[in-house]
Participant: 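For reference, the structure I am asking about is given below.
This is a predicted model, so every value here is computed, not measured.
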Amino acid sequence: MGVLDRFEQNVERAFNNAFAKLGRGEVKPVDLASALRREVDDRVAVVGRDRAVAPNEFTIRLASDDFARIEDWGAEALADELAATVTDHAAEQHYAFVGPVSVTFDEDDSLHPGQYQVHSASVRGAVPSAPNGNGQQAHGQPSYHQGPVPSAPTPSLRHPLIDIDGQRYLLTGPVTVIGRGSEADIVVDDPGVSRRHLEIRVTPDGVVATDLGSTNGLFVEGHQVPAATLLDGNSLTIGRTRIMFWTGAADEAG
């Protein structure tokens, strides 16, 4: 089965029941999935010998009837699934992103039912405040290697920042373990993630991500690796979870 087949079938299975009553001439999720894949491939930019950057923010403009139907069903769930399949496709093609992947829907009265337009852009992920100000993770347990977080944390090589599906953590300790188990320093709710999946170690020679013998492996910029020294803006994938890594080096150079 090819990449396109897997890409389309993932979305089609997830939304087949919800959109079973859609007739001809109306937008279907599989159509949107295919359109996003084409947009990614058409807009990818080669910025180095081993680095191709794809757009990460997508807006899908829909006719009023199609927009209302998706809103009634649950636009947020569909957008999340489409963003996940974009991420999967990018990993297959070894594309990188400069920020988190997002998909939004807009209504366009000039379009007829069944018509849609896809617009994309590469938008560098911002560095806002951490998920909360008390040094705790989203699940309420202390993050053992996440020190007090200021209202506007500034990442650095010594104290990098990671973004896990919109939750941001400033890493102030030498070692941070990410996984699904309660013993991990940062717990990820993803069945594809092992209990102790990934270690991020801050050293004088750089920040190193190491796979801790996980079931599904560690991917950095779409490549499966046992370990890698991270660069500012790198994208990591464990299971279906994307992790963005920031040190602020690119902003300082700019």
Side-chain angles (χ1 to χ4, degrees), residues 1-20 22-71 73-125 165 219-224 233-237 239-242 244:
M1 182 182 296
V3 173
L4 175 59
D5 293 331
R6 292 197 300 272
F7 183 88
E8 293 180 345
Q9 288 185 14
N10 284 341
V11 178
E12 189 170 26
R13 282 197 299 268
F15 296 97
N16 183 56
N17 291 336
F19 288 88
L22 285 178
R24 299 180 64 181
E26 295 175 321
V27 172
K28 298 179 181 178
V30 68
D31 300 326
L32 302 180
S34 298
L36 288 172
R37 176 188 180 277
R38 289 193 299 270
E39 181 72 8
V40 169
D41 290 338
D42 290 345
R43 295 289 303 278
V44 69
V46 178
V47 297
R49 186 178 65 179
D50 299 318
R51 185 173 174 86
V53 175
N56 60 296
E57 292 196 0
F58 302 85
T59 301
I60 302 175
R61 303 187 68 84
L62 299 159
S64 298
D65 290 348
D66 293 321
F67 180 82
R69 186 177 298 105
I70 288 176
E71 282 288 305
W73 186 85
E76 184 176 352
L78 177 56
D80 288 345
E81 184 66 21
L82 290 173
T85 49
V86 166
T87 302
D88 292 344
H89 175 65
E92 292 274 358
Q93 300 299 317
H94 308 307
Y95 298 154
F97 299 111
V98 298
V101 176
S102 66
V103 177
T104 57
F105 302 102
D106 278 350
E107 183 177 7
D108 190 333
D109 293 335
S110 69
L111 298 176
H112 299 292
Q115 292 182 325
Y116 55 88
Q117 297 175 349
V118 177
H119 301 275
S120 64
S122 292
V123 180
R124 176 173 285 277
D165 291 338
F219 293 80
V220 178
E221 301 296 349
H223 300 272
Q224 185 170 7
N234 272 165
S235 171
L236 296 75
T237 304
R240 290 182 62 85
T241 299
R242 282 186 68 248
M244 296 300 299

Participant: Taking all heavy atoms of H94 and all of G222, pick out the closest pair and write down the distance.
Facilitator: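 Scanning both residues, the minimum pair turns out to be ND1-O, 3.2 Å.
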Participant: I'd like to check L32 versus Y116 (side-chain heavy atoms, cut-off strictly below 4.5 Å). Are they in contact?
Facilitator: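 L32 vs Y116: side chains touch.
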Participant: List the steps and the verdict of side chain to side chain contact (heavy atoms under 4.5 Å, CB included) for R240 and D88.
Facilitator: CA-CA 8 Å; R240 290 182 62 85; D88 292 344; 3.2 Å; yes
Participant: Taking only residues two or more places apart in sequence, or in another chain, which ones meet E57 in a side-chain contact (heavy atoms from CB on, under 4.5 Å)?
Facilitator: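 E57 satisfies side-chain contact (heavy atoms from CB on, under 4.5 Å) with S102, V123 only.
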Participant: Using every non-hydrogen atom in the two residues, find where S122 and V53 come nearest and quote the distance to one decimal.
Facilitator: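 Heavy atoms only, the tightest pair is OG-CG1, 4.3 Å.
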Participant: Please list, chain by chain and in numerical order, all residues satisfying side-chain contact (heavy atoms from CB on, under 4.5 Å) with A75, sequence neighbours excluded.
Facilitator: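 Scan of A75 (side-chain contact (heavy atoms from CB on, under 4.5 Å), adjacent residues dropped) gives I70, E71, F105.
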Participant: Tell me the closest heavy-atom pair linking P55 and E39, and the distance in Å.
Facilitator: CG-O, 4.4 Å
Participant: Would you name the heavy atoms of Q115 and V27 that are closest together and state the gap between them?
Facilitator: O-CG2, 4.2 Å
Participant: Does a side-chain N-to-carboxylate-O contact under 4.0 Å join R69 and D65?
Facilitator: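 D65 and R69: not salt-bridged.
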Participant: Could I get the full list of side chain to side chain donor-acceptor pair (under 3.5 Å) partners for D165, not counting sequence neighbours?
Facilitator: none
Participant: Please list, chain by chain and in numerical order, all residues satisfying side-chain contact (heavy atoms from CB on, under 4.5 Å) with V40, sequence neighbours excluded.
Facilitator: A54, F58, V86, H89, Y95
Participant: Out of curiosity, H112 NE2 to D66 CG, how far, rounded to the nearest 0.5 Å?
Facilitator: 12.0 Å
Participant: Looking at every non-hydrogen atom in both residues, tell me the closest pair between A79 and V103 and how far apart they are.
Facilitator: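 Looking at all heavy atoms of both residues, the closest pair is CB-O, 3.2 Å.
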Participant: In chain order, what residues pass the side chain to side chain donor-acceptor pair (under 3.5 Å) check against E107, with sequence neighbours excluded?
Facilitator: S64
Participant: Using the salt bridge (charged side-chain N to carboxylate O under 4.0 Å, His left out) criterion, which residues pair with R38? Sequence neighbours excluded.
Facilitator: none
Participant: What is the distance from atom OG1 of T87 to atom CG of L82, rounded to the nearest 0.5 Å?
Facilitator: 10.5 Å
Participant: State which residues pass side chain to side chain donor-acceptor pair (under 3.5 Å) with T241; sequence neighbours excluded, sorted by chain then number.
Facilitator: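 Scan of T241 (side chain to side chain donor-acceptor pair (under 3.5 Å), adjacent residues dropped) gives D190.
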Participant: With D80, which residues qualify under salt bridge (charged side-chain N to carboxylate O under 4.0 Å, His left out), at least two apart?
Facilitator: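 Expected list: none.
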Participant: Can you list everything that forms a side-chain contact (heavy atoms from CB on, under 4.5 Å) with D108? Sequence neighbours excluded, please.
Facilitator: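 Scan of D108 (side-chain contact (heavy atoms from CB on, under 4.5 Å), adjacent residues dropped) gives R61, S110, L111, Q117.
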Participant: Please answer whether the main-chain N or O of T59 pairs with a side-chain N or O of H119 as donor and acceptor at a distance below 3.5 Å.
Facilitator: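 No; zero donor-acceptor contacts below 3.5 Å.
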Participant: Please confirm whether the backbone N or O of L236 pairs with a side-chain atom of E221, one donor and one acceptor, at under 3.5 Å?
Facilitator: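 Not at all, since once roles are kept as given, no pair shorter than 3.5 Å links the two residues.
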Participant: What's the separation between atom CD1 in I60 and atom OG1 in T104, rounded to the nearest 0.5 Å?
Facilitator: 8.0 Å
